[in-house]
Novice: 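So that we are looking at the same thing, I have put the structure below in structure tokens.
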Amino acid sequence: MSESKVVVITGASSGIGEATAKLLAKDGAKLVLGARRENRLKDIADSIEKLGGEATYQSTDVTDDDQVESLAKLAIDKFGRIDVWLNNAGIMPQSVLSEKKINDWNNMIDINIKGTLYGIGAAIPYMDKQKSGHIINVSSVAGHTAHQGSAVYSATKFAVRAISESLRQEMVDAKNNVRVTVISPGAINTELLSSVTDPEVKANMEKFYESFGIPVDRVALTIKEAIDMPADAAWNEVIIRPTNQLG
Ligand code: NDP
């Protein structure tokens, strides 16, 4: 069903973005990959093309609206449409508030929240014209609950859910058939912990992920299922968590 859909993915250079790109490409989707590490994007696009798939890529920092707009334009120039836009780029440098890690706070707000908004802003005009489309935003289990140390990360992921629900209602009002899905993963083994700057928090998280983390293809499969739903139905929100993860 993802066959021949044009899918734009931010944060496509590793983890959930990379796994989703490869899975959808196998199914015939045309991929447009964005992230900052261009060499990684090139390798992923090459490996997709070697398997007979179609992919293009562009270095994209989601904190820069011009670069996000340019990624959308690449999709239109190369493939003529945007069927799915996956706002996946994100970082998780958790720490307690008293550490006052202002750079981490700002980066999470810029990447996790503003990056998602810029993606929506870039994709919607095209989807509106097409009278179809699908925005998929990656939140987190941490977007449903907060704990010591997760304040800003959780706040950004709660924000993704709030933005998504407002967007869903606005799309209904616009009668443009644009679906909105929020994917909220639990502990998934990716490169995400490399964004944690506090050594103690990082060590604790590494232990947690070693005990509970599950392979990334579980999330890719979830995203594919959401895309494959018939167009008159939308999975608005999915939590995909390791069976043995408590919170
Ligand atoms: P990874 O670290 O493997 O992937 C994160 C991706 O985001 C990378 O491709 C990175 O690429 C990209 N990225 C980071 N900053 C920017 C930026 N400024 N502009 C563009 N791209 C950027 O981790 P995951 O795959 O796990 O993370 C994907 C999403 O899943 C994130 O939103 C994360 O919060 C969410 N998530 C992950 C969970 C997990 O346990 N793994 C749990 C819950 C949610 P590059 O550095 O090349 O720019």
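As the structure lists them, so they are numbered: ligands from 1, and atoms in each ligand from 1.
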Novice: Just going by heavy-atom distances, which of S195, A89, G17, A19 is nearest to atom 22 (C) of ligand 1?
Specialist: A89
Novice: I need the atoms of ligand 1 closer than 4.0 Å to a non-hydrogen atom of Y209, numbered in the order shown.
Specialist: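 Those qualifying, in numeric order: 39 (C), 40 (O).
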Novice: Give the single entry among N88, V138, T60 that approaches atom 32 (O) of ligand 1 most closely by any heavy atom.
Specialist: N88
Novice: Scan side-chain atoms only and decide if T116 and N87 contain a donor-acceptor pair under the 3.5 Å cut-off.
Specialist: no
Novice: Can you find a side-chain donor-acceptor pair between S164 and N137 that sits under 3.5 Å?
Specialist: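 Per modelled atom types, S164 and N137 side chains form a pair under 3.5 Å.
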Novice: For V182, which of E165, E237, K157 qualifies under side chain to side chain contact (heavy atoms under 4.5 Å, CB included)?
Specialist: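 Answer to the side chain to side chain contact (heavy atoms under 4.5 Å, CB included) test with V182 among E165, E237, K157: E237.
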Novice: Whether D46 and K50 form a salt bridge (side-chain N of Lys/Arg under 4.0 Å from carboxylate O of Asp/Glu) is what I want to check.
Specialist: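 No.
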Novice: Starting from atom 41 (N) of ligand 1, locate the nearest protein heavy atom and write down its residue, its atom name and how far away it is, to 0.1 Å.
Specialist: I188 O, 3.0 Å
Novice: Mind checking whether I111 contacts ligand 1 via backbone (N, CA, C, O), side chain (CB onward), both or neither, at a 4.0 Å heavy-atom cut-off?
Specialist: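 Near ligand 1, I111 shows its side chain, while the N, CA, C and O stay back.
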Novice: Would you call D83 and R81 a salt bridge, using N to O less than 4.0 angstrom?
Specialist: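 Between R81 and D83 there is a salt bridge, with a charged N closer than 4.0 Å to a carboxylate O.
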Novice: Considering only the protein, which heavy-atom contact is closest to atom 27 (O) of ligand 1, and what is its distance?
Specialist: L192 CD1, 3.9 Å
Novice: Run the numbers for me: atoms of ligand 1, each under 4.0 Å from some heavy atom of S140, listed by number.
Specialist: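 Here the atoms of ligand 1 in question are 43 (C), 44 (C).
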Novice: Distance-only, no hydrogens or angles: does the S211 side chain make a donor-acceptor pair with backbone N or O of K207 under 3.5 Å?
Specialist: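 The answer is yes, because a donor-acceptor pair under 3.5 Å joins these two groups.
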Novice: Closest non-hydrogen protein atom to atom 12 (C) of ligand 1, residue and atom name please, with distance?
Specialist: G11 CA, 3.5 Å
Novice: Kindly indicate whether the side chain of I223, heavy atoms from C-beta on, has any atom under 4.5 Å from the side chain of N88.
Specialist: no
Novice: Does any non-hydrogen side-chain atom of F212 lie less than 4.5 Å from one of R241?
Specialist: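 No. Closest side-chain heavy atoms not under 4.5 Å.
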Novice: Are the side chains of L193 and Y209 in contact, using a 4.5 Å heavy-atom criterion?
Specialist: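 Y209 reaches L193 side chain to side chain.
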Novice: Hey, does T63 come in under 3.5 Å of ligand 1, counting only N/O atoms on both sides?
Specialist: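 No, since none of the N or O atoms of T63 sits under 3.5 Å from an N or O of ligand 1.
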Novice: Below the 3.5 angstrom mark, is there an N/O of I16, backbone or side chain, next to an N/O of ligand 1?
Specialist: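 Right, the criterion is met.
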Novice: Does at least one non-hydrogen atom of S194 fall below 4.0 angstrom from an atom of ligand 1?
Specialist: no
Novice: Starting from atom 9 (O) of ligand 1, locate the nearest protein heavy atom and write down its residue, its atom name and how far away it is, to 0.1 Å.
Specialist: S13 OG, 2.8 Å
Novice: Indicate yes or no for a side-chain donor-acceptor contact from Q130 to the backbone of S132 under 3.5 Å, with no hydrogens or angles considered.
Specialist: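 Here the side-chain-to-backbone pair exists.
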Novice: Could you work out, for atom 5 (C) of ligand 1, the closest of G213, S139, G90 by heavy-atom distance?
Specialist: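 It is G90 whose heavy atom sits nearest to atom 5 (C) of ligand 1.
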Novice: Could you tell me whether a side-chain N or O of T10 sits under 3.5 Å from a main-chain N or O of A89, the two making a donor and an acceptor?
Specialist: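 Present.
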Novice: For atom 3 (O) of ligand 1, what's the nearest protein heavy-atom neighbour? Residue, atom name and distance, please.
Specialist: S14 OG, 2.8 Å
Novice: Below 4.0 angstrom from a heavy atom of G15, which ligand 1 atoms are there? Numbered from 1 as shown, please.
Specialist: 3 (O), 25 (O)
Novice: Which residue owns the protein heavy atom closest to atom 42 (C) of ligand 1, what's the atom, and how far is it?
Specialist: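 Ranking protein heavy atoms by distance from atom 42 (C) of ligand 1, first comes G186 O, 3.0 Å.
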Novice: For D61, counting its heavy atoms only, list the atoms of ligand 1 lying under 4.0 Å from any of them.
Specialist: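 Those qualifying, in numeric order: 17 (C), 18 (N), 19 (N).
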Novice: What residue and atom, counting heavy atoms only, is the protein's closest point to atom 26 (O) of ligand 1, and at what distance?
Specialist: T190 OG1, 2.6 Å
Novice: Just to be sure I'm reading this right: ignoring hydrogens, which of R40, R36, E18 gets closest to atom 16 (C) of ligand 1? Compare them by their nearest heavy atoms.
Specialist: R36
Novice: Which residue owns the protein heavy atom closest to atom 19 (N) of ligand 1, what's the atom, and how far is it?
Specialist: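 For atom 19 (N) of ligand 1, the nearest protein heavy atom is V62 N, 2.9 Å.
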Novice: Between the side chains of K101 and D198, is the shortest nitrogen-to-carboxylate-oxygen separation below 4.0 Å, so that they form an ion pair?
Specialist: no
Novice: Side chain to side chain contact (heavy atoms under 4.5 Å, CB included) between D217 and L23: does it pass, once the steps are laid out?
Specialist: CA-CA 8 Å; D217 65 312; L23 182 69; over 6 Å; no
Novice: Side chain or backbone of K157 under 4.0 Å from ligand 1, or both, or neither, by non-hydrogen atoms?
Specialist: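 Just the side chain.
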Novice: Using a 4.0 Å cut-off to any heavy atom of A187, which atoms of ligand 1 qualify?
Specialist: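 Answer, ordered by atom number: 40 (O).
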Novice: For ligand 1, which is the ligand I care about here, please tell me if P185 has any N or O atom under 3.5 Å from one of the ligand's N or O atoms.
Specialist: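 Min N/O separation from ligand 1 is not below 3.5 Å for P185.
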Novice: Just so I know, are the side chains of S13 and R36 near enough to count as touching, which here means a heavy-atom distance under 4.5 Å?
Specialist: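 The answer is no; the side chains never approach within 4.5 Å.
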